[in-house]
Amino acid sequence: MMTAQTNKEWYRIKEKSAGKTRLILSWYLYKIFGKNALYTIAFFVSFFTFVFSGELRKYSKNNLRVIYDFSNKKTPKPDILNSYKTVLNYALSLADKAVISSGNFKSKNLYFEDIKEKEKLLEDIKNKKGIFLICCHIGNIDVLRSFVTDPPEGFKSPFVNVFMSIEQCKIFNTFLDTINKKADIKIFPVEETGIEDAIMIADKLENGEIAVIAGDRISGKTIKANIKTKLMNKEVKISSGAFRFAQMTSASIYFVAPVKMKDGRYKIYLKRFIRLESLNKKEEVNFMIDEYKKFFEKTAQIAPLQFYHFYDFFNLL
């Protein structure tokens, strides 16, 4: 999990459980002992991390409280049990990464909340429209990799370009190289993405590829891109960079959050962003951010125990 630090910025906090050594170890444990053994280890790791990290308990509980208040007390209470369940779910999502990377997590384990949105997505993939996915830290975005590696019948697997922090890039590129998986995905450091990279990705999308980036993080490098906005009646900071990046492409833009269900499958919450020709570029970006926030608020209320922001996201402290 996250180390206990007082600094509020996410990019200054190390993600210990998502370190390259732990991911590689998880993958080998899964290959040798199977999924259930990996889940058992995730339980003990999450428990001891939770017990010995006051920061983790505090942030997870604060997040649950914000969602609870915003939903008019219709979501799980912000108590210590639900706070731990959030941490456990995060540990299990990391275990799922090993299963996904092994190629044993098939697309049949995914289903879409809205069939019409699924059909639009499949149509765009089939027509090589280019897809720009803006995700959030709710659920497990990694499961969509199985949708790419094990696409529906009649669909060719598109190439995926993922944007992460520099540190995450090092971790996941090393992990992917170690397990020697087929190169169906490339990871870029979002802090070092300049205009040339943006043009290159735009060209890739023109050829039917997919780009994935989180919309609920602030930039650690381009400070001017960070904006203050209201989310769940609280003031938060996010970066407008992801939305401006999406806006400059001709790709179809979707908001996405894969949420794990009780049967072990993932329900994909997907919402296509409809471009309005009447808006100028700045207005369109602002409109996109507003629509993303609505999607975020809806999904957070659906899966509050899969809300993985282990820092002071809502600026409560």
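We use all heavy atoms of the structure for the numbers below, so side chains are in, but hydrogens, waters and symmetry mates are not.
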Legend entry - Centroid-centroid under 6.0 Å between F273 and F132 rings: no
Legend entry - Any donor-acceptor N/O pair, E117 side chain to D114 backbone, under 3.5 Å: no
Legend entry - Under-4.0 Å salt bridge between E113 and K271: no
Legend entry - Any donor-acceptor pair under 3.5 Å from N140 side chain to D142 backbone: yes
Inset, instruction - Please check if any side-chain donor atom of T229 sits under 3.5 Å from a side-chain acceptor atom of E235, or the reverse. - result: no
Inset, instruction - Ignoring hydrogens and angles, state whether a donor on the side chain of N82 or D79 is under 3.5 Å from an acceptor on the partner side chain. - result: yes
Inset, instruction - Report yes or no: does Q306 contribute a side-chain atom to a donor-acceptor pair with the main-chain N or O of N89 at less than 3.5 Å? - result: no
Legend entry - Residues, nucleotides or ligands: over 12 heavy atoms within 6.0 Å of I80 CD1: no
Legend entry - Residues K120, E123: salt bridge by 4.0 Å N-O rule: no
Inset, instruction - Look at atom CZ of F47 and say whether more than 12 heavy atoms of other residues, nucleotides or ligands are closer to it than 6.0 Å. - result: no
Inset, instruction - Identify whether the distance between the nearest side-chain nitrogen and carboxylate oxygen of D96 and K35 falls below 4.0 Å. - result: no
Legend entry - Ring centre gap for Y269 and F295 strictly below 6.0 Å: no
Legend entry - Y292 ring center within less than 6.0 Å of F243 ring center: yes
Inset, instruction - Kindly state whether the ring of F313 and the ring of Y59 have centres lying under 6.0 angstrom apart. - result: no
Legend entry - Hphob cluster co-occupancy, L81 + F43, side-chain heavy atoms under 4.5 angstrom: no
Legend entry - Partner set under side-chain hydrogen bond (donor to acceptor under 3.5 Å, both in side chains) for T86, not counting sequence neighbours: none
Inset, instruction - Look at the side-chain heavy atoms of Ile, Leu, Val, Met, Phe, Trp and Tyr, link any pair under 4.5 Å apart, and say whether V285 and I253 land in one connected group. - result: yes
Legend entry - Y84: partners by ring-ring contact (aromatic ring centres under 6.0 Å, His included), with sequence neighbours left out: F50
Inset, instruction - Answer with yes or no whether the hydrophobic clustering places L276 together with F255; edges join I, L, V, M, F, W, Y residues whose side-chain heavy atoms lie under 4.5 Å apart. - result: yes
Inset, instruction - Following the transitive rule for hydrophobic clusters with a side-chain heavy-atom cut-off under 4.5 Å over Ile, Leu, Val, Met, Phe, Trp and Tyr, establish whether F44 and Y39 coincide in one cluster. - result: yes
Legend entry - In one Ile/Leu/Val/Met/Phe/Trp/Tyr side-chain cluster, 4.5 Å: F48, F310: yes
Inset, instruction - Indicate yes or no for a side-chain donor-acceptor contact from N161 to the backbone of I210 under 3.5 Å, with no hydrogens or angles considered. - result: yes
